[in-house]
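Before any comments, here is the structure.
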Amino acid sequence: MPTDVEEWKDEVYGTDIRDHMERFAEEGWDAIPDDEHDAWFERFKWYGLYHQRAGQESYFMMRIGPPAGILEPGQLRKIGEIAKKYSTGPAENPVFGNGWADFTTRQAIQLHWINIEDVPDIWDELEEVGLSTLQACGDSWRNIVGCPVAGKDKHEHVDAIETTHELHDTFKGNSDYANLPRKWKVSVTGCSEGCGQGDINDLAFEPATKEIDGEEVEGYNIRVGGGLSRNEPRLARDIDVFVTPEQATDVAGGMSGLFRDYGDRENRYNARIKFLVDEWGTEKMRDVLQEEYVDFELHSAGEDYRDEYSYNAGVDHGHADHVGVHEQADGNYYVGLNVLVGRMGADEVIELADIADEYGSGEARVTQRQNVILTDVPEENLDALLEEPLLEDYEPDPHPFMRGSIACTGTEFCSLSIVETKNRQVRYARWLKDNVELPDDLEDFHVHLSGCTASCAQPQIADVSLRGMKTRKDGEPVEALDIGLGGGLGENPEFASWVTERVPADEVPGAIKNLVANYAELREDGETFREFVVDRDDEELAELVEPEETSYDDPFMHNTKQTWYPYAEEDGLDDSPAPATADGEPLPSDD
């Protein structure tokens, strides 16, 4: 029996949703029938709009999904202007103020406190510069992720940017693939660093070489069925297929068509292709793709470059996370800036756009580590760019704890999250930087904080993985985190082992401090943190974590899930000013 969501989608979905959203915008929040909120909010996602959580009724998160995170000249500035004009709420965040952009782990941009009344105007402004919220969420093709310096990278074997744009242009708004059983996440990587993170995507194009008709051809090997969500992480599996760049779109359409037709529409928990791969196996996946969805003979897999992968691989070589100054293939440079937990104020976004225009081509790119890259900087402009005051906060050479911090949205806005995340991870990173001595050769140390098991912060692929929970301390319920260790990608990808559960949030920095000290004392010469973890079982690792109260003081130990906004002075649900009109005027309550 189809789920409620499938029935809602049967009634209205795809591009037909826009007319309804524009009508609701004209008539106001109250025009959305109370008993149809769930149905309409599910449909709105197709156009990149998520309703925020309890206590924030009438406010939405809007997601913009540029392919591979590429923001062409003028687009970054427009995002900052929209954030400043439309993305301010009824309360200030104590760290970030009011009005900002969030850069995500899927190279997208999220804006909060959006009113339905403003959505058409925002769409118009985005479309003026070639941006869109189309399919940024919903059961369809999401924005394609990949190497954020595709087309410019010296390590590239195949032009991933050309493939990415072709896929984007083919499948965004394509009615044949508009209604899939669940989200469809695609990664395209053309370089030997592995920075597209194909292993955790539904469909991955990874660089490979294949001899065809006596010639060495650069193209892609195909992997299928990766993902991190809930407690069912999977690494994408090799289905023994190599495609040339010219064949990539046909095979991508075939795989997403296969998922459309055979994916589970009766149980949304199982409605991801990773479960279909579990059920069928890789051989059947390949056979059905060949027999039903492509009209040419598929090549067997070619020789890949996975032994060279450095991105989030726990190794000390390669361009890794793209932070810093790097030479492009054309002799210019790109400069990767660390954006702590991915959040940047609206005025700072506009200032960064000015810097991109002045010193580079005006282009900016968002990475899967929530950072921003400025491209096409001539060598003679580097010194002046690096002296810009904004780069004191958004550094190209940050401390490892700042560089490695990732956090999801958390209870600030998300209904799924169990704990506060972004402000907490900012405080964690600053405390760890000031209080923990890292080994001299440890330049890259990833700490990912996810508010729940949905894994938006990708905790399973971090050195230290943090996942929101609750516990009791001194007889009181408090926010807590599970601690996992040893995750990462690369040649031999591993998911973190959850070695310690429900650690009170204020004891987590002490746990990390003790873990690092134990690692420094017990490691072999030159042993990386990942190697150190892999060589030990969970019981021994749990003993090395040692949660401990320290000088760190966490202001979010109360249950932030039960507030209307964790940072408001009066944060009880009854104190919420929502729902409100677009100008902030509270609307009458239904209670």
Side-chain angles (χ1 to χ4, degrees), residues 93-95 340-341 399-408 410-412 417-439 442 445-453 457 459 462-487 496-523 529 532-533 536 538-563 566-567 571:
N93 181 300
V95 171
L340 185 58
V341 303
H399 186 280
F401 282 126
M402 312 298 277
R403 181 177 196 149
S405 288
I406 282 181
C408 70
T411 50
E412 183 175 12
S417 185
I418 299 171
V419 301
E420 199 284 334
T421 55
K422 281 201 182 285
N423 284 19
R424 174 172 281 137
Q425 185 58 35
V426 167
R427 288 168 166 83
Y428 279 176
R430 291 172 177 168
W431 187 90
L432 292 168
K433 175 183 175 183
D434 292 340
N435 292 277
V436 178
E437 185 175 347
L438 290 168
L442 192 59
F445 194 75
H446 296 179
V447 180
H448 295 196
L449 172 53
S450 198
C452 71
T453 60
D463 295 308
V464 174
S465 311
L466 306 175
R467 180 174 64 189
M469 288 290 163
K470 291 287 191 292
T471 193
R472 299 188 74 85
K473 182 174 180 177
D474 300 327
E476 298 294 327
V478 297
E479 300 209 338
L481 301 171
D482 291 343
I483 299 179
L485 300 177
S497 293
W498 297 100
V499 300
T500 303
E501 296 183 343
R502 300 183 185 276
V503 177
D506 63 339
E507 298 179 23
V508 169
I512 296 174
K513 179 179 181 179
N514 291 331
L515 171 67
V516 170
N518 287 328
Y519 162 63
E521 178 183 352
L522 299 173
R523 67 188 294 219
F529 183 78
F532 178 84
V533 170
R536 288 161 173 79
D538 288 359
E539 185 175 345
E540 182 178 359
L541 291 171
E543 293 176 355
L544 299 176
V545 171
E546 300 181 61
E548 180 185 9
E549 288 188 351
T550 64
S551 61
Y552 171 82
D553 183 25
D554 194 308
F556 308 112
M557 296 297 288
H558 64 293
N559 189 353
T560 60
K561 190 173 179 65
Q562 297 302 312
T563 67
Y567 319 123
D571 67 356

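Since this is a predicted model, take the numbers as computed values, not measurements. All values below were derived from every heavy atom in this structure, side-chain atoms included, with hydrogens, water molecules and symmetry-related copies excluded.
Annotation: side chain to side chain donor-acceptor pair (under 3.5 Å) contacts of S405 (sequence neighbours excluded): Q425. Residues satisfying the salt bridge (charged side-chain N to carboxylate O under 4.0 Å, His left out) test with R427, not counting sequence neighbours, are none. Partners of R472 under the side chain to side chain contact (heavy atoms under 4.5 Å, CB included) rule, at least two apart in sequence or in another chain, are P477. A search for salt bridge (charged side-chain N to carboxylate O under 4.0 Å, His left out) contacts involving E420 returns nothing, not counting sequence neighbours. With sequence neighbours excluded, the residues that form a side chain to side chain contact (heavy atoms under 4.5 Å, CB included) with N514 are E546, E548. With sequence neighbours excluded, the residues satisfying ring-ring contact (aromatic ring centres under 6.0 Å, His included) with F532 are Y519. For E479, the side chain to side chain donor-acceptor pair (under 3.5 Å) test picks out R424, T560, with sequence neighbours left out. When the side chain to side chain contact (heavy atoms under 4.5 Å, CB included) test is applied to D434, no partner is found at least two apart in sequence or on another chain. Applying the side chain to side chain donor-acceptor pair (under 3.5 Å) criterion to K470, with sequence neighbours excluded, gives N559. Partners of E501 by side chain to side chain contact (heavy atoms under 4.5 Å, CB included), not counting sequence neighbours, listed by chain and number: D482. For K473, the side chain to side chain donor-acceptor pair (under 3.5 Å) partners at least two apart in sequence or on another chain are D506, E507, E549.
Separating the CZ atom in R430 from the CG atom in L340 is a distance of 6.5 Å, to the nearest 0.5 Å. Here the straight-line distance linking atom CD of E412 with atom CG of N93 works out to 5.0 Å at 0.5 Å rounding. The CG atom of L481 lies 10.0 Å from the OG atom of S450; values are rounded to the nearest 0.5 Å. In this structure, the separation between CH2 on W431 and CG on D553 is 12.0 Å, given to the nearest 0.5 Å. A distance of 9.5 Å separates CZ in R536 from CG in N518, rounded to the nearest 0.5 Å. Atom CD1 in I483 sits 5.5 Å away from atom OG1 in T500 (nearest 0.5 Å).
A donor-acceptor contact shorter than 3.5 Å links the side chain of T550 to the backbone of Y552. Distance alone, capped at 3.5 Å, is enough to place a donor-acceptor pair between the T421 side chain and the C408 backbone. Here the side chain of H448 pairs no donor or acceptor atom with the backbone of I406 at under 3.5 angstrom. The closest donor-acceptor contact from the side chain of K561 to the backbone of S417 lies under 3.5 Å.
Contact of the P459 side chain with the W498 side chain is registered, since non-hydrogen atoms from C-beta on lie closer than 4.5 Å. Proximity of D571 to P566: side-chain heavy atoms (C-beta onward) are nowhere separated by under 4.5 Å. In this structure, the side chains of V508 and L449 stay at 4.5 Å or more apart for every pair of heavy atoms. A heavy-atom distance below 4.5 Å is found between the side chains of S551 and N435. Side chains of L438 and H399 form a contact here, defined as non-hydrogen atoms less than 4.5 Å apart.
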Chi angles and distances behind the side-chain contact (heavy atoms from CB on, under 4.5 Å) call for V447, D463: CA-CA 6 Å; V447 180; D463 295 308; over 6 Å; no
Worked verdict on Y428 versus L466 for side-chain contact (heavy atoms from CB on, under 4.5 Å): CA-CA 12 Å; Y428 279 176; L466 306 175; 4.0 Å; yes
Begin with the C-alpha distance, continue with both residues' side-chain angles, and end with the deciding distance and a verdict on side-chain contact (heavy atoms from CB on, under 4.5 Å) for L485 and L515. CA-CA 10 Å; L485 300 177; L515 171 67; 3.5 Å; yes
Trace of the side-chain contact (heavy atoms from CB on, under 4.5 Å) decision for T411 with T563: CA-CA 9 Å; T411 50; T563 67; over 6 Å; no
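The minimum heavy-atom distance linking V516 with E437 is given by the pair CG1-O, 3.8 Å. Heavy atoms only, all atoms of each residue included: K422 and A407 are closest at NZ-O, 2.9 Å. Counting all heavy atoms, side chain and backbone alike, G468 lies closest to I418 at O-CD1, 3.6 Å. A pairwise comparison of heavy atoms in A462 and A496 identifies O-CB, 4.5 Å as the closest pair. Shown here for V419 and M469, the closest heavy-atom pair between the two residues is CG1-O, 3.3 Å. Closest approach of V499 and A542 over heavy atoms only: O-CB, 3.5 Å.
Applying the ring pair (Phe, Tyr, Trp, His ring centres under 6.0 Å) definition to pairs two or more places apart or across chains, none involves residues 466-486.
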